[in-house]
Amino acid sequence: MATITIDGVSRAVSVARSKDGFVVTVDGRRYDVREVARVAEGIAFIVGNESHVARVTSGREGIELSIGAHSYVQARDLVDADRPAGAAGRHGDGRLEAPMPGSIIGIHVSEGDRVRSGQPLVVLESMKMHNEIASPIDGVVRKINCRVGEQVAFGHVLVEIGTEAS
Amino acid sequence: MATITIDGVSRAVSVARSKDGFVVTVDGRRYDVREVARVAEGIAFIVGNESHVARVTSGREGIELSIGAHSYVQARDLVDADRPAGAAGRHGDGRLEAPMPGSIIGIHVSEGDRVRSGQPLVVLESMKMHNEIASPIDGVVRKINCRVGEQVAFGHVLVEIGTEAS
Amino acid sequence: SLFKTLLVANRGEIALRVVRACREMGIRSVAVYSDADRLAPHVLEADEAHRIGPPPSSESYLRIDSLLGAARKSGAEAVHPGYGFLSEREVFARAVEDAGLVFVGPAPATLAAMGDKTEARRRMHAAGVPIVPGVVDALADPGAAARAAEEIGFPVLLKAAAGGGGKGMRVVRSGSELGRAFEAASREALAAFGDGSVYLERFLDRPRHVEIQVLGDRHGRVLHLGERECSIQRRHQKLVEEAPSPVLTPEQREEMGGSAVRAAAAVDYVGAGTVEFLYDEARGAFYFLEMNTRIQVEHPITECTTGIDLVQWQLRIARGEALAFEQKDIGQRGHAIECRIYAEDERKHFIPSCGVISLLREPAGPGVRVDSGVYQGWEVTSHYDPILAKLVAFGETREVARRRMLRALDEYVVQGVATSVDLHKRILRHPSFVAAKVDTAFLDEHATDLLEPAKADVPDLAFIAAALAAESGSGRGARATHAATNDDDAPSPWETTGSWEIGRAS
Amino acid sequence: SLFKTLLVANRGEIALRVVRACREMGIRSVAVYSDADRLAPHVLEADEAHRIGPPPSSESYLRIDSLLGAARKSGAEAVHPGYGFLSEREVFARAVEDAGLVFVGPAPATLAAMGDKTEARRRMHAAGVPIVPGVVDALADPGAAARAAEEIGFPVLLKAAAGGGGKGMRVVRSGSELGRAFEAASREALAAFGDGSVYLERFLDRPRHVEIQVLGDRHGRVLHLGERECSIQRRHQKLVEEAPSPVLTPEQREEMGGSAVRAAAAVDYVGAGTVEFLYDEARGAFYFLEMNTRIQVEHPITECTTGIDLVQWQLRIARGEALAFEQKDIGQRGHAIECRIYAEDERKHFIPSCGVISLLREPAGPGVRVDSGVYQGWEVTSHYDPILAKLVAFGETREVARRRMLRALDEYVVQGVATSVDLHKRILRHPSFVAAKVDTAFLDEHATDLLEPAKADVPDLAFIAAALAAESGSGRGARATHAATNDDDAPSPWETTGSWEIGRAS
């Protein structure tokens with residue numbers, strides 16, 4: 001069970017497996033989802049008998065979600081009942097790690113720059129998606145350990161950020 | 001210097017840096033190449049003043065290369081003056097390694113299958129390209145160490161192949 | 001019946017075409033899919049989707065029970081059959097109507113009448129539609145054959161009355177050849193079919209294929225929308241179509257259109273249909289070939305030249321609407337050409353090419369229409385027709401459309417499967433095509449030019465691109481085939497330039 | 001001059017449009033680019049490309065010396081200016097001609113005549129083209145104003161003779177208001193400009209913006225290609241255009257077309273141009289506003305309704321070709337609508353939205369044309385006009401085109417930057433647009449409906465999709481925002497299904 005916020009509206013959502021697909025609940029309302037499959041830049045699925053395609057990329061204001069002709073922005077920070085929010089890629093110690101393997105396609109800062117928590121520092125392309133990796137803390141960029149065009153593995157420390165005091 | 005074979009024609013090709021771009025030689029003919037940059041699914045560059053876009057994916061019969069409206073197939077096995085051909089991803093010991101990080105999008109064989117050298121076994125998606133990873137040797141699939149949808153790192157052993165005797 | 005939900009009993013580009021028309025008309029669309037098509041564009045774009053079976057057509061798209069089951073589950077009130085599959089099958093139309101649904105097409109009786117080719121020929125003759133001149137009854141002897149041939153005019157074609165497939169057939173170009181040919185054909189027919197009877201009809205030497213689009217509504221009006229020329233074929237499959245035909249005079253066009261309307265009216269035609277003719281250019285004569293009682297693959301070129309949306313009109317007619325225009329309101333403007341983009345390799349006898357489309361770049365811009373049934377990442381399988389898309393170019397004149405088509409073909413990039421794109425370029429550049437000298441033998445006659453082009457030299461540019469791609473890490477070439485620089489101490493250009501950022505390389 | 005190489009002195013979709021026309025006509029195209037545009041579509045598609053400077057227009061696309069330098073280096077024999085930038089600048093046309101190159105557009109003198117708005121008004125009046133009725137000389141006193149107003153008819157607009165920018169302007173709706181308004185306007189004008197002189201002209205209350213496309217060749221023939229209605233604007237920037245205008249009668253169309261031809265002929269117009277009129281629907285009267293002496297952004301809708309390729313004709317005319325048709329051959333067929341897809345956020349006062357287009361899916365299919373200047377992965381910067389593409393829908397009737405446009409807008413998916421796609425949907429669905437009740441105040445009048453739509457509830461479907469995306473690892477949501485299942489012991493659905501293979505999930 002997790003809380004998802006889309007366009008300012010929050011709902012408790014769960015996903016579980018069923019005999020011929022999945023059961024998703026949204027604030028307790030139950031939906032049978034069938035034929036879930038990944039397609040170019042998104043996911044296709046059938047709810048009831050309705051056919052849908054959702055396309056997802058990471059944007060500046062959150063996760064951009066287009067379902068057919070409709071677009072939404074999902075808040076990046078989910079409240080997960082089981083884990084602290086935004087765990088991966090955002091260590092409190094100021095090390096920005098790659099949350100998935102991919103290719104660096106943009107670096108927004110230079111060493112010595114002052115950055116704020118949540119500020120996007122690096123753009124990582126993975127699985128055709130552009131993912132903005134944000135600073136976990138307020139601080140100063142101590143070291144940039146990647147360059148544009150580089151392939152990085154999961155967990156690679158992309159940027160090291162020091163607190164002002166350090 | 002390497003030998004590249006395209007549509008059955010082989011040429012000796014070299015690439016070197018120049019003041020404002022690169023110098024490429026093809027069988028000794030010299031070309032000044034400027035403004036080389038990666039674009040979606042390919043590479044843009046200027047030779048002389050001519051603007052070109054080349055799009056490249058790995059196909060069944062070789063590397064598919066489209067330059068503007070023209071299409072070519074490049075032989076996969078290059079003869080490199082400095083190194084043995086087809087080094088990465090094709091170890092003679094029968095371990096099929098991921099030649100780059102990426103996402104597994106297809107597995108063509110099952111454990112126990114008989115395979116031949118050069119037969120594509122796994123499709124790895126990386127940087128928007130589908131890469132067919134071929135068996136390095138004739139043999140039998142001993143173990144498959146990946147599954148569709150999985151993200152794998154560079155060097156991950158995807159498939160282990162034993163010789164008939166083992 | 002103002003139906004609000006329609007089931008599309010088809011797949012690929014035509015199913016997507018119908019889904020789009022539904023969306024434009026406020027009709028809810030229901031797609032069906034085999035297991036191979038779960039992620040097909042028509043399924044992703046439809047409002048609703050139902051599985052109808054495993055990949056083979058016989059177990060999915062040809063299963064009337066599964067289709068009607070999907071219609072029932074979805075609450076569909078009408079069924080559009082597309083082309084191919086069950087679209088011209090009387091039994092399907094009847095089953096749809098028996099289930100209380102609207103069949104988007106003509107009545108079952110019309111499908112039956114046009115589906116039986118002998119019956120169709122008889123009815124067309126009765127309706128005053130020209131058919132290939134000939135005798136129907138078997139000829140008693142060479143003398144009877146000679147008399148009939150004189151009347152019809154040489155060349156004639158001797159045919160086995162009992163047979164088909166070329167056995168017992170002889171082309172005869174003059175009276176002096178007739179006796180010997182009659183004996184040979186009769187002997188061959190006897191050996192092949194146990195019946196030596198032969199008859200004859202006029203032999204059409206390399207006819208052009210010209211067809212007329214018709215629309216009939218439920219209120220008794222049938223109109224025609226001009227012709228399409230579809231002479232460029234391979235194995236009776238059309239490759240390139242154009243509208244209007246470059247050779248018809250306005251009078252011939254009117255005459256042929258009138259014949260098509262008579263043909264359709266003779267079978268109480270309702271909906272969109274096509275009357276196919278063979279056109280004997282030397283004689284300026286045309287003959288009924290057959291009628292296709294459904295939407296045609298090449299319908300977009302007529303839409304481009306007439307400005308009339310044929311698929312929307314199919315749905316409107318099925319809803320009971322009367323045609324909103326009269327014959328005098330319909331005119332062709334400009335010129336349109338369609339190239340059918342197949343996944344096949346013409347250098348290997350047109351074998352279908354299967355695989356994942358690893359890269360797809362479709363043309364766009366002025367005067368270009370792409371009706372595509374695939375996307376990048378889609379896997380082309382051997383289960384269905386290998387058509388990927390239909391590319392249409394239209395412009396003020398045939399030459400403007402032809403050059404525009406070449407521009408569009410140049411923009412078309414497909415990797416992962418072989419396609420007919422390059423063949424189409426050769427066809428459109430061929431001097432005979434430029435001069436509009438095309439007939440049904442075009443591809444055979446120019447096979448050397450078109451199917452086995454002289455191997456062009458590989459330009460240095462290709463090697464430059466390959467080297468840059470290898471160095472930059474694009475594609476598989478990246479690591480598996482490293483093209484080293486000739487100075488190992490020098491850093492790789494890609495490292496030293498901080499390249500791959502969008503911008504200048506320095 | 002049968003020039004073989006043409007330099008396109010522009011960028012974005014219009015540069016690509018010209019490059020495509022060149023390719024279709026066998027002309028070699030030369031692109032120019034600023035540092036921000038090295039990888040722009042027009043550069044990638046052109047045959048040749050030359051850098052002309054840093055990103056700011058003033059240092060690149062507006063630099064005549066750089067452009068002519070690129071022309072010299074490339075051997076270009078002609079220059080197409082596109083729209084915007086230097087396209088209407090006499091000095092540029094003259095520099096191009098002085099360099100011995102063909103300028104694709106009217107003569108420098110024509111640009112000069114139409115560029116000076118007062119001079120243009122005078123010449124149009126002399127040529128018998130209707131201009132907004134009014135007095136030119138300053139009014140002596142309220143009495144003179146009253147006499148002039150009576151003659152012209154209320155409402156009238158009092159304007160400062162010396163000024164501009166709204167200062168000293170007063171709308172007067174009846175004679176009783178005139179005296180006080182005259183004093184106020186005069187006082188305000190004196191304070192603002194040191195000159196209290198005022199004059200007046202008829203006030204057009206919420207006029208419609210209707211414009212006529214013209215083509216003139218080098219052989220003295222000027223023709224018109226019917227009108228476009230461009231009333232839906234924001235801050236004088238057009239958002240939606242359509243052809244034909246839904247309100248003109250055939251007689252008005254002919255009259256307006258005739259005026260446009262007279263206007264163009266009066267300045268010896270050569271090439272494609274547009275005569276803009278304000279149309280007073282209540283009076284059924286129209287008035288010359290200005291002439292745009294270059295290709296217009298919205299030219300495609302005229303191409304769709306007339307079947308005439310305006311950009312190809314620009315090039316043909318520049319090559320010296322005579323127009324191949326006469327006025328009687330030109331007709332509009334069907335209806336076309338264009339939506340300009342901008343990268344901007346209408347909910348934030350239309351601020352341009354910059355960033356990388358992370359996902360782009362453009363519509364296609366019947367009756368849809370996309371002239372795009374971007375691709376997926378392209379970065380939209382603040383240096384240039386935020387237009388991403390022009391989307392055109394055409395069909396038999398206005399309603400068919402309108403519904404088709406909505407279908408196409410539904411197919412349009414852009415992520416990474418905000419766009420006007422949703423605003424266009426609201427405009428096209430608005431009852432006033434459906435009823436063709438549009439004027440230049442449309443957006444202001446319906447601002448609440450259009451710019452601040454009621455926040456729709458977020459459907460559960462969005463949460464279902466978000467949850468599936470998070471679980472499947474699509475996008476950033478994948479790992480940074482893990483939505484756990486409520487049973488930690490159960491395997492993740494994605495692991496147990498062997499999912500993400502194309503096929504059924506079970």
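Reckoned from all heavy atoms, side chains included, excluding hydrogens, waters and symmetry mates. Every chain is numbered from 1, with letters handed out A, B, ... down the list of sequences.
- The two residues C:H50 and A:N49 make their nearest non-hydrogen contact at CE1-CG, 3.2 Å.
- More than 12 heavy atoms of other residues, nucleotides or ligands shown are found within 6.0 angstrom of NE2 on C:H383.
- Considering OG of A:S51 and CZ of C:R38, their distance stands at 5.5 Å, rounded to 0.5 Å.
- In this structure, CD on A:E35 lies 7.5 Å from CZ on C:R51, to the nearest 0.5 angstrom.
- Neither the backbone nor the side chain of C:R23 comes within contact range of chain A, judged by heavy atoms closer than 4.5 Å.
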